[in-house]
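Below: the structure, in structure tokens.
Keep in mind that the numbers below use all heavy atoms, side chains included, and drop hydrogens, waters and symmetry copies. Being a predicted model, the structure only gives us computed values, none of them experimental. So you know, we letter chains A, B, ... as the sequences are listed, proteins then strands, and number each from 1.
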Amino acid sequence: MRVDSSAPYNHARRLLDWYDVNARTLPWRSPPGTPPPDPYRVWLSEIMLQQTTVASVKGYFELFITRWPTVAALAAAEDADVMQAWAGLGYYARARNLLACARSVVADHGGRFPDTEAGLRKLPGIGPYTAAAVAAIAFGAHATVADGNVERVVARLYAVETPMPAAKPTLHALAAELTPTQRCGDYAQAMMDLGATICTPRSPDCPACPVAAGCAALKLQTPTRFPVKAAKVARPTRQGTIYWLRAGDTVLVTQRPPRGLLGGMRALPSDEWATVRPALAPPADATWQLLPGSVRHVFTHFELELVVMAATLNDGRSVALPAGATWVALAEIDRIGLPTVFAKAARHALAHLNTDRVDEKAA
DNA sequence: AAGCCGTGGGC
DNA sequence: TGCCCAAGGCT
């Protein structure tokens, strides 16, 4: 994974040489080798560009800069005006944070953006990426930007096999090694331009890449294999049994263990949910009837197929209840805060025992 | 610390 | 069509 010690220098030099010729011209950018843009412009563009394409941002950026040319002007704007101007760009928390940040810069920093990563990082809406980007691009700080472009470029340069997102710390560390001490802002933008125009996700233009000679993924002839993504694991199906135990017009309700899946929530008596249905004893000695059909529910990491067994006791007091279990009136069952999976099971039971329920209520 | 948050474009 | 993706941050 580690390359020889001269590689970082060569990488940065080749990339900057490429950027000097191929830098994209963008409204918030100054040409390579020229003094950096107004930090306000850099910051505004970086906020807008979060998870948003350059093409989408351009028009909004021009509109904002024209209407609010300085951070002080933006800070003084009406909330509704800014939100309206942002409309259509998406991720509207960014707009709220944009205003909060502008006002903090004016109120707490004398109208000037902090010039360090740490200082920027404290402002609303500025996370690790944006702090590094503003520090490097607007202030020339020796900061390493690590956005999706950089992660992809570095994953390919080093053919990092670790799947995302677990690979992020490794990729960020490698990106930091590659970062030069000079022209940090141009370098940051060069990496992102490379990722956006050459080292693209689906069809990278490797013959045009200035650092192809040092690219491990290209050497493997599989550049698009990187960054490796975690395989989307097919959700396994687990099976379980719910025990619908009636006594008079009440039903037995239990409580989940305090931690883990549905932790601390009310529940219906159940066996464990496993890949193979365990044959556990029902919670009471009674005549159990397997209801037709089943209940399906999808959790984050598995899908559950439940069957429901039902029984009716003449006297609920004859049963030793598990800790936390109580008898709950049938009429209350959908109002006690059952997680959806149990609510489904209850509905299933009630549907199949509808005749009984009606009879009970009539009696 | 996973889930959530908007939208437009490419294939 | 549906899915993936795009200069992430917040909770």
- Task: From the options A/Tyr40, A/Tyr60, A/Trp28, select the one residue that forms a side-chain contact (heavy atoms from CB on, under 4.5 Å) with A/Ile65.
- Result: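 Testing A/Ile65 for a side-chain contact (heavy atoms from CB on, under 4.5 Å) against A/Tyr40, A/Tyr60, A/Trp28 leaves exactly one candidate, A/Tyr40.
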- Separation of the C1' atoms in B/dA1 and C/dG9, to the nearest angstrom: 13 Å
- Message: Roughly how many Å apart are C/dA7 and B/dC5, using the P atom of each and rounding to a whole number?
- Response: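 That atom pair is separated by 22 Å.
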- Message: Check the orientation of A/Phe113 and A/Trp43. Use parallel for under 30°, tilted for 30 to 60°, and perpendicular for over 60°.
- Response: tilted
Please answer whether the main-chain N or O of [Y] pairs with a side-chain N or O of [X] as donor and acceptor at a distance below 3.5 Å.
| X | Y | value |
| --- | --- | --- |
| A/Thr179 | A/Ala175 | yes |
| A/Ser56 | A/Thr52 | no |
| A/Asp186 | A/Gly33 | yes |

- Message: In whole Å, I'd like the distance from the CE atom of A/Met48 to the C1' atom of B/dT7.
- Response: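 For the pair A/Met48 CE and B/dT7 C1', the rounded distance is 14 Å.
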- Message: Distance check needed: B/dA2 P versus A/Met164 CE, whole Å only.
- Response: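 Taking CE of A/Met164 and P of B/dA2, I get 14 Å after rounding.
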- Message: Over all strands shown, is A/Ile47 touching base, sugar-phosphate only, or nothing at heavy-atom distances under 4.0 angstrom?
- Response: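 If one applies the 4.0 Å heavy-atom cut-off, A/Ile47 turns out to touch nothing in the nucleic acid.
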- Between the side chains of A/Gln189 and A/Arg29, does any donor sit under 3.5 Å from an acceptor?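 Their side chains do contain a donor-acceptor pair, which is all the 3.5 Å distance test asks for.
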- Task: For A/Thr197 and A/Asp193, test the side chains for any donor-to-acceptor distance below 3.5 angstrom and give the result as yes or no.
- Result: no
Nucleotide N/O to protein N/O under 3.5 Å, stretch nucleotides 8-11 of chain B:
none

- With a 4.5 Å heavy-atom cut-off, do A/Met192 and A/Val153 have their side chains touching?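 Result no, sub-4.5 Å side-chain heavy-atom pair not found.
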Using atom names, set out every protein N or O paired with an N or O of nucleotides 7-11 of chain C below 3.5 Å, distance rounded to 0.1 Å.
{"unit_1": "C/dA7", "atom_1": "OP1", "unit_2": "A/Asn149", "atom_2": "OD1", "d": "2.7"}
{"unit_1": "C/dA7", "atom_1": "OP1", "unit_2": "A/Asn149", "atom_2": "ND2", "d": "2.3"}
{"unit_1": "C/dA7", "atom_1": "OP2", "unit_2": "A/Asn149", "atom_2": "OD1", "d": "3.1"}
{"unit_1": "C/dA7", "atom_1": "O5'", "unit_2": "A/Asn149", "atom_2": "ND2", "d": "3.0"}
{"unit_1": "C/dA7", "atom_1": "O4'", "unit_2": "A/Asp147", "atom_2": "OD2", "d": "2.7"}
{"unit_1": "C/dA7", "atom_1": "N9", "unit_2": "A/Tyr129", "atom_2": "OH", "d": "3.3"}
{"unit_1": "C/dA7", "atom_1": "N7", "unit_2": "A/Glu46", "atom_2": "OE1", "d": "3.3"}
{"unit_1": "C/dA7", "atom_1": "N7", "unit_2": "A/Glu46", "atom_2": "OE2", "d": "3.1"}
{"unit_1": "C/dA7", "atom_1": "N6", "unit_2": "A/Trp28", "atom_2": "NE1", "d": "3.3"}
{"unit_1": "C/dA7", "atom_1": "N1", "unit_2": "A/Arg24", "atom_2": "NH2", "d": "3.1"}
{"unit_1": "C/dG8", "atom_1": "OP1", "unit_2": "A/Gly148", "atom_2": "N", "d": "3.4"}
{"unit_1": "C/dG8", "atom_1": "OP2", "unit_2": "A/Gln51", "atom_2": "N", "d": "2.8"}
{"unit_1": "C/dG8", "atom_1": "OP2", "unit_2": "A/Gln51", "atom_2": "NE2", "d": "2.9"}
{"unit_1": "C/dG8", "atom_1": "O5'", "unit_2": "A/Gln51", "atom_2": "N", "d": "3.4"}
{"unit_1": "C/dG8", "atom_1": "O5'", "unit_2": "A/Gln51", "atom_2": "NE2", "d": "3.2"}
{"unit_1": "C/dG9", "atom_1": "OP1", "unit_2": "A/Gly127", "atom_2": "N", "d": "2.8"}
{"unit_1": "C/dG9", "atom_1": "OP1", "unit_2": "A/Gly127", "atom_2": "O", "d": "3.3"}
{"unit_1": "C/dG9", "atom_1": "OP1", "unit_2": "A/Thr130", "atom_2": "N", "d": "3.0"}
{"unit_1": "C/dG9", "atom_1": "OP1", "unit_2": "A/Thr130", "atom_2": "OG1", "d": "2.8"}
{"unit_1": "C/dG9", "atom_1": "OP2", "unit_2": "A/Pro128", "atom_2": "N", "d": "3.4"}
{"unit_1": "C/dG9", "atom_1": "OP2", "unit_2": "A/Tyr129", "atom_2": "N", "d": "3.2"}
{"unit_1": "C/dC10", "atom_1": "OP1", "unit_2": "A/Gly125", "atom_2": "N", "d": "2.7"}

